[in-house]
Visitor: 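I am attaching a structure below and will ask some questions about it afterwards.
Everything numeric in this text was worked out from a predicted model, so none of it was measured.
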Amino acid sequence: MANSGLQILGFALSLLGLIGLIVGTILPQWKMSAYVGDNIITAVSMYQGLWMSCAFQSTGQIQCKVYDSILQLDSALQATRALMIVGIIVTVAGLGVATMGMKCTNCGGDDKNKKSRIAMTGGIVLLIGSLCATIACSWYANNIIKEFYNPFAPVNSKYEFGSAIFIAWAGAFLDIIGGAMLAATCPKGKPKVKYPIASTRPTSSSKEYV
């Protein structure tokens, strides 16, 4: 029963993590304009994401523009895109495999050891997907930090972390926890059959005749 509850909790956390990855990938607030320097203009806030850039005005108007060409984007953004998409696809596949191996489902047959192995495989796949998303977020964040502390970069072109990157990080963290819980449901070994030990005392089958 405890093992089944651990599987359900791990699956729920992984599902929440998948939602976080999808939301974080879609949102344009991966990095936001940093207000540094002497001339601070707060009327317009600039945001950049993986798919578009947006301008938020103080009046409440939002103007977004999708990136025209993929080839014009820098390699870091292209790699982040690819890793996030791969992370989402692998996470979906891991959830599908874990569903077949969970004890509360009828998929995967009735063999408990086989279902435990399937659930463990799903957990490992989820860990791989969360690793891809973690690398993507960390890579993107590293580039933001480098550009922010670059002394040759203009002040008005510096950015800091946006909310979307934290959502994606949180989703990857939940996937790591959920995948670890599912991977921890290792199948139990088959019980060893104990055979009775044969007696080594010699049995006298001969009879004495007078």
Side-chain angles (χ1 to χ4, degrees), residues 1-30 49-51 70 73 75-144 161-195:
M1 183 65 69
N3 198 1
S4 178
L6 187 65
Q7 288 180 347
I8 295 174
L9 180 59
F11 184 85
L13 291 177
S14 299
L15 185 60
L16 291 176
L18 175 62
I19 295 173
L21 291 180
I22 295 175
V23 172
T25 304
I26 295 174
L27 289 178
Q29 291 92 350
W30 275 70
L50 302 181
W51 313 99
I70 299 178
L73 303 176
S75 59
L77 182 57
Q78 294 181 18
T80 304
R81 272 185 177 185
L83 285 173
M84 290 301 297
I85 294 174
V86 170
I88 292 173
I89 294 174
V90 173
T91 301
V92 172
L95 287 174
V97 175
T99 302
M100 294 188 296
M102 294 177 65
K103 292 184 177 180
C104 58
T105 61
N106 296 325
C107 303
D110 297 330
D111 190 355
K112 293 183 178 180
N113 289 330
K114 181 180 178 181
K115 287 178 71 69
S116 297
R117 292 191 184 95
I118 295 175
M120 183 177 63
T121 303
I124 295 173
V125 174
L126 284 170
L127 289 175
I128 295 173
S130 60
L131 180 62
C132 293
T134 303
I135 293 174
C137 296
S138 302
W139 193 350
Y140 197 90
N142 184 42
N143 289 328
I144 295 176
F161 298 149
S163 58
I165 193 172
F166 292 107
I167 295 174
W169 254 328
F173 181 71
L174 290 175
D175 279 336
I176 290 175
I177 298 177
M181 288 182 177
L182 289 169
T185 58
C186 300
K188 296 181 179 179
K190 295 182 179 180
K192 296 181 179 180
V193 181
K194 295 183 178 180
Y195 297 97

Visitor: Of all heavy-atom pairs between M100 and K115, which one has the smallest distance, and what is that distance?
Guide: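 For M100 and K115, the tightest heavy-atom pair comes out as O-NZ, 3.1 Å.
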Visitor: For residues W30 and G24, report the shortest heavy-atom separation together with the two atoms involved.
Guide: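 What the structure gives for the nearest pair is NE1-O, 2.6 Å.
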Visitor: Tell me every residue that passes side chain to side chain contact (heavy atoms under 4.5 Å, CB included) with L174, counting only those two or more places apart in sequence or in another chain.
Guide: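 Partners of L174 by the side chain to side chain contact (heavy atoms under 4.5 Å, CB included) criterion, ordered by chain and then number, come out as L13, L16.
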Visitor: Please report the interatomic distance CD1(I22) to CE(M84), rounded to the nearest 0.5 Å.
Guide: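 The CE atom of M84 is 9.5 Å from CD1 of I22, to the nearest 0.5 Å.
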Visitor: Roughly how far apart are S14 OG and Q7 CD, rounded to 0.5 Å?
Guide: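 It is 11.5 Å, given to the nearest 0.5 Å.
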Visitor: Scan the side chains in residues 127-137 for donor-acceptor partners under 3.5 Å anywhere in the protein, sequence neighbours excluded, and list what turns up.
Guide:
residue: S130; atom: OG; partner: L126; partner atom: O; Å: 3.2
residue: S130; atom: OG; partner: L127; partner atom: O; Å: 2.8
residue: T134; atom: OG1; partner: S130; partner atom: O; Å: 2.7

Visitor: Measure across V97 and I118 and return the closest heavy-atom pair with its distance rounded to 0.1 Å.
Guide: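 Closest pair (atom of V97, atom of I118, distance): O-CG2, 3.2 Å.
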Visitor: Please report the C-alpha distance between M120 and L182 in whole Å, then the side-chain angles of each, then the deciding distance to 0.1 Å, and finally whether the side chain to side chain contact (heavy atoms under 4.5 Å, CB included) criterion is met.
Guide: CA-CA 6 Å; M120 183 177 63; L182 289 169; over 6 Å; no
Visitor: Could I get the full list of ring-ring contact (aromatic ring centres under 6.0 Å, His included) partners for F11, not counting sequence neighbours?
Guide: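 Not a single residue meets the ring-ring contact (aromatic ring centres under 6.0 Å, His included) criterion with F11.
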Visitor: The criterion is side chain to side chain contact (heavy atoms under 4.5 Å, CB included); which residues satisfy it with A170, sequence neighbours excluded?
Guide: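 With neighbours one apart ignored, the set is empty.
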Visitor: Go through the structure and list residues passing side chain to side chain contact (heavy atoms under 4.5 Å, CB included) with F161, not counting sequence neighbours.
Guide: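 For F161, the residues satisfying side chain to side chain contact (heavy atoms under 4.5 Å, CB included) (neighbours in sequence not counted) are A141, I144, I145, I165, F166.
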Visitor: Measure the CG-CG distance between D175 and L15 for me, rounded to the nearest 0.5 Å.
Guide: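 If we round to the nearest 0.5 Å, D175:CG and L15:CG are 9.0 Å apart.
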Visitor: Of all residues at least two apart in sequence or in a different chain, which pass the side chain to side chain contact (heavy atoms under 4.5 Å, CB included) check with W51?
Guide: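 Checked W51 against side chain to side chain contact (heavy atoms under 4.5 Å, CB included); matches are T25, R81, I85.
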